[in-house]
Structures are given as structure tokens and as C-alpha cells.
Amino acid sequence: MATLFVTILILLVQLVNSASSLQIHFYNNSCPRAELIVKSVVRKHVLQDPSIPAGLLRLYFHDCLIHGCDASILIDSTDDNVAEKEAPPNLTLRGFEVIDDIKASLEKQCKGVVSCADILALATRDGVSLSGGAAYALPTGRRDGTVSTMADVHIPSPSFSLSAALSVFQGIGLDLVDMTTLLGAHSVGLCHCGFFIDRLYNFEGTGLPDPDMDPGLLDTLRQQCPPHVVTLNNISKDPTVFMDQHSNTPFRLDASFYHGVLREKAVLQLDQGLAFTDLTSKLATKYANRPEVFRKQFSKSMIKLGSVNVLTGEQGEIRLNCRTVNG
């Protein structure tokens, strides 16, 4: 027991030391225009496709939940390795081309200076800002990981219970408030029908729809997601719906998501679960009634997420191409 305690203590100290190595405006001297370049490229892509911020948010979450925020999600597979992005939960990820575009622009300005991990973190931050969230100050100085393996991918399923999802979040140092807040990112973007089709037709093997789904929402989603066309094995043919069915602004990051949760109009089972526990329902009610509180806490939780198991100093590397490790 004593050995286990010491091991846990050492891990916590390492996490704190890594996070504390990050700093605001890390590239002020080495690449002064880095953050401006990132924002400019993200803005260009958002003007072309308003769903980009949602894609970047999901890409960032999936990166940080695996090895930590080290941009390992960006690495392509090779002949002798199947990378994280090939894992089933990652097949619908989007936004890789945005990161590639930013990296190319930064390499022209400051070759080999800005990490892909920081590019992904900054691009996500700017996507949040451009879709209605706060433009929070983000500590930088992350370095890039060199390992990306499909077998390491364990992402909470949309059908997870809150307790199961919370254990995953707690495993990377986040708490129930962080989880409840970060799920608010589901106020923006699109969702493949395959992620919730069971709620519409065969919930938990009953042959019936999820009784916790609003009947009106059920009818709407059944029209958009006929069971015979839903297949996550071929994502190009799997229909999509707006993630936040309660909002008239599906590309705006705001507290409308929580109104939907409280009215049993959440698309995903995990999201709907927020309405059924005391603390999360109270928090959802607070966010629904006081959107500025959600906005502020979302920024705090995103900064906290961005400090998870980061590589700093001499750890890792600065990839020259975000899709491949150096050398």
C-alpha cells in the first residue's frame, strides 16, 4: 500500500511539474507571430466551414484523453504501426487539414519552433472563440509525442454511464465539474447517427426507444436516421444530425445544450445522463440560467484539459510535419 501511495504521489508531482512548465506567450521571442498566424488560418477555415470549431474540439479531446495533449492523434499510420487515428472512435475525427495548413504557415515563419501539440491547443482555443466562447489565455510550451498506437485508444463511448465516463476523466486529473462543462462542447457541430441509433430503435436490447428521450425529438431523429442506412463502418454514408437539437444556432458554442439536456432533448445517452444526477442537474440548470458562468468555466476546464500529461523541456520533439515523427 505504501509503495502504491508513493507511485501515485510521484505521478502527481510529474503532472504538476509538466503543467507548470507551460507559460502564456511561450513563443514571444522564438516565434512572435505564432498565435496570430494560428488564429488567422483558423478564421479562414471557419469562414469556409462553420463546423470546423466542433471538429477541432473533438480532435483535441481525443488527443488529450489518450497519451495527454501531445498531438499523437495527428500521426499517420505506417507499414509497421497502426496509429491512434485509425481506432474506431477516431474514424469520424475532422480538422486534420486545418492543423496541416497552420503548420505549413508556421514553418515558413519559424522553422522547427512551434509544436504540433501547441498548434492543436491554440487552434481549438481560437475555434472556441470564433464560435462564441471566450478567447482565453492559453499556456503553451508543449512538445510533441513520438508514439501513436491504435491499441492505446480508450475513449468514453456516447452510451457510457456518467459514472463510467467520470472515471475516465478522473484518470487524467479532471473532475465532475470539468466533465459536465466540457460536454457543453456538444452545443456545436454534427453527430453521426451511428453514435445514438440504439436510442431510437433498440435501447439496451429492448427493441424499444430510450424512454428518457423526448417523443418529439425521437420522431425528428427517426426521420433523419432510418435504421437501414446507418453504418459507422462507412462514415461517408452514415447520416449526420446537428448535435444540439434544442438550438437555432448549431454552430455557436453556448449554454443552449443544457436547456436541451434538462428537457430530455440531448442526442447522446451520455449527455442526457447529466439531467439525472443531483450535482450535474444542478450544474446544468445553473449554466442554462446563467450562460456567462458556463462560458467562464468552459475556459477554465479547457485550460485544465490542455495541461494533461504534456511533454515539456527536452521531452518529446518538435515535429516538422504533424503527421509523422522526425527522422
Side-chain angles (χ1 to χ4, degrees), residues 17-49 52-64 67-76 94-131 133-146 148 253 298-327:
N17 286 342
S18 293
S20 63
S21 299
L22 302 179
Q23 55 186 278
I24 304 295
H25 301 311
F26 177 83
Y27 298 105
N28 258 8
N29 294 323
S30 58
C31 191
R33 298 188 64 249
E35 295 197 24
L36 291 175
I37 291 170
V38 173
K39 188 170 185 177
S40 175
V41 176
V42 173
R43 182 185 290 111
K44 178 187 71 174
H45 282 272
V46 172
L47 288 173
Q48 296 170 350
D49 179 359
I52 286 295
L56 290 172
L57 275 163
R58 190 159 176 258
L59 188 60
Y60 189 47
F61 288 157
H62 283 226
D63 183 50
C64 295
H67 289 299
C69 306
D70 67 348
S72 55
I73 193 68
L74 305 178
I75 296 175
D76 286 342
R94 302 169 55 244
F96 296 102
E97 75 286 356
V98 180
I99 305 304
D100 291 340
D101 196 359
I102 295 170
K103 182 64 173 175
S105 297
L106 285 169
E107 287 299 295
K108 292 177 183 177
Q109 186 81 20
C110 318
K111 187 173 179 60
V113 174
V114 183
S115 70
C116 300
D118 274 341
I119 289 172
L120 180 53
L122 289 167
T124 303
R125 186 272 308 273
D126 292 335
V128 167
S129 173
L130 290 168
S131 59
Y136 51 89
L138 180 69
T140 44
R142 299 165 188 77
R143 288 172 64 87
D144 299 325
T146 56
S148 181
L253 181 64
F298 190 83
S299 297
K300 289 182 178 179
S301 294
M302 284 294 290
I303 293 169
K304 190 173 177 181
L305 173 69
S307 299
V308 170
N309 294 335
V310 294
L311 302 175
T312 58
E314 298 300 314
Q315 299 172 316
E317 64 182 18
I318 305 297
R319 271 182 241 143
L320 299 179
N321 179 336
C322 291
R323 293 176 178 267
T324 62
V325 297
N326 295 341

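Please read these numbers as outputs of a predicted model, since none were measured by experiment. Heavy atoms only: backbone and side chains are in, while hydrogens, waters and symmetry mates are out.
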Novice: Would you name the heavy atoms of Arg319 and Gly145 that are closest together and state the gap between them?
Specialist: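 In this case the closest contact between Arg319 and Gly145 is NH2-O, 2.9 Å.
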Novice: For residues His67 and Ser72, determine if any side-chain heavy atom of one lies less than 4.5 Å from a side-chain heavy atom of the other.
Specialist: yes
Novice: For Leu122 versus Glu35, what's the shortest heavy-atom pair and its separation?
Specialist: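 The answer is CD2-CD, 3.8 Å.
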Novice: Any side-chain heavy atom of Gln109 within less than 4.5 Å of one from Ile37?
Specialist: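 Heavy-atom side-chain distance check passes, below 4.5 Å.
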Novice: Using side-chain heavy atoms (C-beta onward) and a distance below 4.5 Å, is Ser115 in contact with Phe26?
Specialist: no
Novice: If you take all heavy atoms of Thr312 and Gly141, which pair is closest and at what distance?
Specialist: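 Distance-wise, the nearest heavy atoms are CG2-O, 3.8 Å.
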Novice: Looking at Lys300, I'd like to know if its NZ atom is crowded, meaning that more than 12 non-hydrogen atoms belonging to other residues, nucleotides or ligands lie closer than 6.0 Å.
Specialist: no
Novice: A side-chain contact here means heavy atoms from C-beta on lying under 4.5 Å apart; do Tyr60 and Cys69 qualify?
Specialist: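 Yes, close enough: below the 4.5 Å cut-off.
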Novice: Would you mind reporting whether Ile73 and Leu59 have side-chain heavy atoms less than 4.5 Å apart?
Specialist: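 A side-chain contact exists here, since the closest heavy-atom pair is under 4.5 Å.
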Novice: Using a 6.0 Å cut-off, check whether atom CD of Gln48 has over 12 heavy atoms from anything other than its own residue.
Specialist: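 Count over threshold, so yes.
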Novice: Would Arg143 and Asp70 count as a salt bridge (Lys or Arg N to Asp or Glu O under 4.0 Å) here? Give the steps.
Specialist: CA-CA 6 Å; Arg143 288 172 64 87; Asp70 67 348; over 6 Å; no
Novice: Grab the two heavy atoms, one from Ile303 and one from Pro139, that are nearest each other, plus how far apart they are.
Specialist: CG2-CD, 4.1 Å
Novice: Just wondering, do Lys103 and Asn321 contact through their side chains at under 4.5 Å, heavy atoms?
Specialist: no
Novice: Does any N or O in the side chain of Thr124 come within less than 3.5 Å of the main-chain N or O of Leu120, such that one atom is a donor and the other an acceptor?
Specialist: yes
Novice: Just by distance, no angles: are the side chains of Asp101 and His45 close enough, under 3.5 Å, to form a donor-acceptor pair?
Specialist: yes
Novice: With respect to Val46, which candidate in Asp126, Ile52, Leu56 satisfies the side chain to side chain contact (heavy atoms under 4.5 Å, CB included) definition?
Specialist: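 In the set Asp126, Ile52, Leu56, the residue that makes a side chain to side chain contact (heavy atoms under 4.5 Å, CB included) with Val46 is Ile52.
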Novice: Go through it in stages, so that I can follow the logic: the residues are Asp49 and Arg94, the test is salt bridge (Lys or Arg N to Asp or Glu O under 4.0 Å), and I'd like the CA-CA distance, side-chain angles, deciding distance and then a yes or no.
Specialist: CA-CA 12 Å; Asp49 179 359; Arg94 302 169 55 244; 3.0 Å; yes
